[in-house]
Asker: 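What follows is a structure written as structure tokens; I'll ask about it next.
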Amino acid sequence: MMFPSTAKHDDAFTSRLTASQQKAVFHRDGPLLVIAGPGSGKTRVITFRIAALIDSGVPPQNICAITFTNKAADEMRQRAFAFSASAGAHISTFHSLCVRILRRYSEFAGITPNFSIYDDSDQSKCVKQAITDCNLNTTDFSPARTLDAISTLKNKLIDAGAFENQADDFFSKTLSKIYSRYQQILKDLNAVDFDDLLMKAAFLLENNPDVRSELGHRYKYLLIDEYQDTNHAQYRIAKALASAHNNICATGDPDQSIYRWRGADIRNILDFERDWPNAVVVRLEENFRSAPCILEVADRLIANNQSRKEKRLIATRPPAGKVVIEPYEDEVEEAFGVADNIRRLVDEGTSLSNIAIFYRVNAQSRAIEEAFIRSKIPYQIVRGVEFYNRKEIRDILAYLKVIVNPADKVALLRIINTPTRGIGKTTIDKVQDYASRRNISLYEAIRAVSQISNVPQSTAAKLTAFLNMVEGFRKNDSGLVAEMVERVFTDSGLEKSLIAEGADGKDAAANVEELISAAAVYDKQTETPALVDYLQQIALFSDADAYNASVERVALMTLHSAKGLEFDNVFIVGVEEGLLPHERSADNDDETEEERRLFFVGITRAKVNLFIAFAKYRQIRGQTLRTIPSQFLFELGLSFSESAERNDNGYLKSTIDNRQSTISNHQSSIINHKLSPRFHRGDIVVHKKFGIGTVKDFADMGDNSVVTVAFNTGQTKSLALKYAKLTKL
DNA sequence: GCGAGTTATGTTTTT
DNA sequence: CATAACTCGC
């Protein structure tokens with residue numbers, strides 16, 4: 001079979017497949033694992049594989065591909081469709097697939113199909129309630145930490161009942177009580193949290209052989225991208241789905257695992273061959289994305305991770321571009337430095353859409369934004385969920401949630417007096433009290449307000465008017481979301497109250513208009529649009545989904561959101577101790593290694609030029625603090641420390657006017673090639689900084705040789721030979 | 001019941 | 001520092 005070369009697609013997709021890629025693409029039945037470094041075409045292999053399966057006669061609806069983000073799913077869908085009639089193939093994230101399964105087989109999961117999906121703030125309200133219900137206070141049991149603990153349990157598929165059985169100490173027993181209560185609250189509200197989606201789907205599949213077999217036959221081929229970041233629940237779901245046929249194909253890179261904190265279990269990919277006997281393993285080691293100098297620093301950095309199988313990144317692109325480390329005085333200087341570099345790139349003819357800025361924490365975007373506004377550089381902040389977190393948007397969505405799922409008390413409490421309609425705390429308390437005594441939902445209690453003795457007639461009338469309004473919305477639901485949002489906006493009085501607010505309200509109203517437009521797009525693109533489906537879809541939106549590659553703007557995003565993307569020019573800012581690696585991972589080697597992988601992911605997004613920046617001082621929580629350059633900078637094998645020292649001595653002036661001199665000093669950190677000597681195990685060596693040590697290992701890679709030395713100080717370091725300044729004793 | 005003003009509190013990454 | 005939560009006077 002041949003893929004059309006005449007197609008009008010981007011080069012990456014029309015260029016030839018390598019022998020290894022072909023092996024993966026045309027593999028027919030049975031388990032397949034594609035272990036591949038960054039820029040090696042993993043996602044491309046999955047996309048082509050979908051096309052190849054269809055070409056060989058597999059009906060599209062028998063294919064299920066799982067991606068990491070909705071955005072990635074959209075792209076894969078489009079590309080697969082360009083090469084084959086793939087319409088009907090299921091391509092989505094794990095979470096979306098679970099929503100689909102839970103909606104279809106809801107009765108097996110103990111919920112109704114109109115369930116609400118709760119985000120952190122909704123979850124937080126429920127867990128606070130659970131803590132209070134257990135006669136505990138939220139100072140002893142912090143809601144955030146409790147939720148974290150519950151989330152970890154759910155990701156391991158330990159439900160409240162199972163945890164109760166294994167809880168043996170005081171803390172676990174208390175946590176177990178909160179966990180049970182929390183689940184009961186969610187059940188009463190017909191709501192699930194993100195982790196429930198996975199846990200409930202996993203249990204549903206495992207406990208119902210009929211459902212499992214039905215879905216196994218529906219999805220005869222299962223393909224999973226970014227497998228290194230799957231958690232235990234996702235692993236069990238995959239296992240259950242593929243158990244009927246073993247046609248599971250996973251692609252991933254252990255070096256790019258960056259979601260351990262969210263329950264991702266790297267063992268899933270490491271143990272794939274054990275879990276799936278006879279698995280065919282294909283390794284893709286060639287990198288088609290980045291210039292050799294970028295791969296060199298990436299390779300050297302990741303070599304510092306101890307718990308890692310060595311993997312090569314073989315450059316295929318011709319030498320080009322550069323890697324630069326730039327020291328700055330503070331975050332403002334850093335931001336203007338980035339802006340200056342961008343201006344220079346633009347002068348050279350670079351398109352703004354080929355430039356991205358990555359940072360560790362979202363708060364770092366502010367300084368960059370301010371500099372870009374002042375420098376008139378168009379940018380987009382890739383933060384998809386932010387829009388949906390705006391007060392006015394959450395208000396509208398709460399109305400929609402109540403319309404779809406009246407049991408959703410969190411949403412109901414949000415809108416019952418928004419905009420204000422004279423239903424205050426005392427009234428709500430009375431109705432809630434009645435509801436809990438009768439064991440009915442708050443919504444039902446409002447319906448029965450005339451029965452509640454201590455609610456005055458005038459207040460009861462207000463409640464009834466509110467109820468009638470919501471009922472009116474429910475009766476007039478055509479399924480078209482835009483229509484409903486518009487009706488809710490006007491009829492609820494939200495529009496009126498926003499207009500009354502003045503300028504701020506005007507902005508808010510404009511946001512609602514934007515929501516209406518987005519909903520109209522959904523209505524248009526969806527075969528059978530429905531409010532339930534819309535709400536469940538937008539609940540699963542991620543930051544990365546907001547990235548728009550087609551606009552002429554510089555992209556600003558976190559390192560986590562950068563996963564799966566690539567840009568000609570990449571800036572990584574704030575590479576300092578405490579930020580990258582983040583302080584929260586300081587005393588834990590595993591977490592430090594994950595931070596290193598995160599940096600690795602960022603670096604390997606760059607195709608041509610990579611700019612790494614750090615600041616000497618940084619404002620953190622209002623205080624200006626002296627920083628220390630990240631340990632990772634030393635591991636890149638660039639002679640940046642020299643320029644940093646010079647920086648320390650005040651050699652580099654920190655005003656924008658002097659940026660020219662700053663840049664020329666950076667020349668010293670641009671990689672240049674020279675021959676390096678060879679070392680052997682046992683050689684005694686001297687290092688300028690670490691002193692005397694013994695060579696433990698020598699990876700002979702010519703120019704890129706890496707030598708591992710156990711220094712007498714007790715630390716063992718892997719050093720890039722050509723920069724390490726090692727001398728044999 | 002409402003909203004302005006004050007006080008506490010919490011700070012990573014995200015499906 | 002920034003926002004959420006809370007208090008208190010109207």
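The analysis underlying the following values was restricted to heavy atoms, covering all of them including side chains, and did not include hydrogens, waters or symmetry mates. It should be emphasised that the depicted structure is a prediction, and the values quoted were computed from it without experimental measurement.
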Asker: Is there a side-chain polar atom (N or O) of T558(A) under 4.0 Å from OP1 or OP2 of dT13(B)?
Answerer: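 Negative; the distance criterion is not met.
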Asker: For D545(A) and dT15(B), give me the distance from atom CG to atom P, rounded to whole Å.
Answerer: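 Checked: the CG to P distance equals 7 Å.
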Asker: Hey, is the side chain of N362(A) poking within less than 4.0 Å of OP1 or OP2 on dT11(B), counting only N and O atoms?
Answerer: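 For N362(A), the contact criterion (side-chain N or O under 4.0 Å from OP1 or OP2 of dT11(B)) is not met.
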Asker: Verify the distance criterion only: is there a donor paired with an acceptor across the side chains of D196(A) and Y118(A) at less than 3.5 Å?
Answerer: no
Asker: Scan R366(A) against the nucleic acid and name what it touches under 4.0 Å (heavy atoms): base, sugar-phosphate only, or nothing.
Answerer: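 The answer is sugar-phosphate, as R366(A) gets under 4.0 Å only of primed atoms, P, OP1 or OP2.
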Asker: Could you tell me the separation between the CZ atom of F358(A) and the P atom of dT13(B), rounded to a whole number of Å?
Answerer: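 Atom-to-atom, F358(A) to dT13(B), this comes out as 16 Å.
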Asker: Pick the closest DNA chain B nucleotide for R383(A) and for T427(A) by heavy atoms, then say which residue is nearer the 5' end.
Answerer: T427(A)
Asker: In whole angstroms, how far is the C1' atom of dT14(B) from the NE2 atom of H95(A)?
Answerer: 9 Å
Asker: Just how far, in rounded Å, is P of dT15(B) from CZ of F194(A)?
Answerer: 8 Å
Asker: Between Y259(A) and dT13(B), do the rings stack, that is, sit under 5.5 Å apart with planes less than 30° off each other?
Answerer: no
Asker: Heavy atoms only, 4.0 Å cut-off, all strands: where does D119(A) land among base, sugar-phosphate and nothing?
Answerer: nothing
Asker: Reckon S585(A) touches a base, only the sugar-phosphate, or nothing at all at heavy-atom distances under 4.0 Å?
Answerer: nothing
Asker: Run the side chain to side chain contact (heavy atoms under 4.5 Å, CB included) test on R308(A) and R597(A) for me, step by step, so that the C-alpha distance in whole Å, both residues' side-chain angles and the decisive distance to 0.1 Å come before the verdict.
Answerer: CA-CA 11 Å; R308(A) 164 180 191 262; R597(A) 289 194 293 270; over 6 Å; no
Asker: I would like to know whether R360(A) and F599(A) meet side chain to side chain contact (heavy atoms under 4.5 Å, CB included); could you show each step before the answer?
Answerer: CA-CA 9 Å; R360(A) 179 63 176 84; F599(A) 192 27; over 6 Å; no
Asker: Does N417(A) reach a base, just sugar-phosphate, or nothing at all? Heavy atoms under 4.0 Å.
Answerer: sugar-phosphate
Asker: Rounded to the nearest Å, what distance is computed from the CD atom of residue Q537(A) to the P atom of nucleotide dT15(B)?
Answerer: 15 Å
Asker: dT9(B) C1' sits how many Å from R145(A) CZ, rounded?
Answerer: 15 Å
Asker: When you measure from the side chain of Q380(A) to the backbone of N548(A), do you find a donor-acceptor pair of N or O atoms at a distance under 3.5 Å?
Answerer: yes
Asker: Nearest to the side chain of R584(A), which nucleotide is it out of dG1(B), dT11(B), dT15(B)?
Answerer: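 Closest nucleotide among those given: dT11(B).
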Asker: By the 4.0 Å heavy-atom rule, please label K128(A) as base, sugar-phosphate, or nothing.
Answerer: sugar-phosphate
Asker: Closer to the 5' end of DNA chain B via nearest nucleotide, is it T420(A) or E594(A)?
Answerer: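 Taking each residue's closest nucleotide, the earlier one in sequence belongs to T420(A).
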Asker: Rounded to the nearest Å, what distance is computed from the CD atom of residue Q364(A) to the P atom of nucleotide dT11(B)?
Answerer: 17 Å
Asker: In whole angstroms, how far is the P atom of dC2(B) from the NZ atom of K462(A)?
Answerer: 7 Å
Asker: I66(A) and L222(A): which non-hydrogen atoms are nearest, and at how many Å?
Answerer: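 Closest heavy-atom pair between I66(A) and L222(A): CD1-CD1, 4.0 Å.
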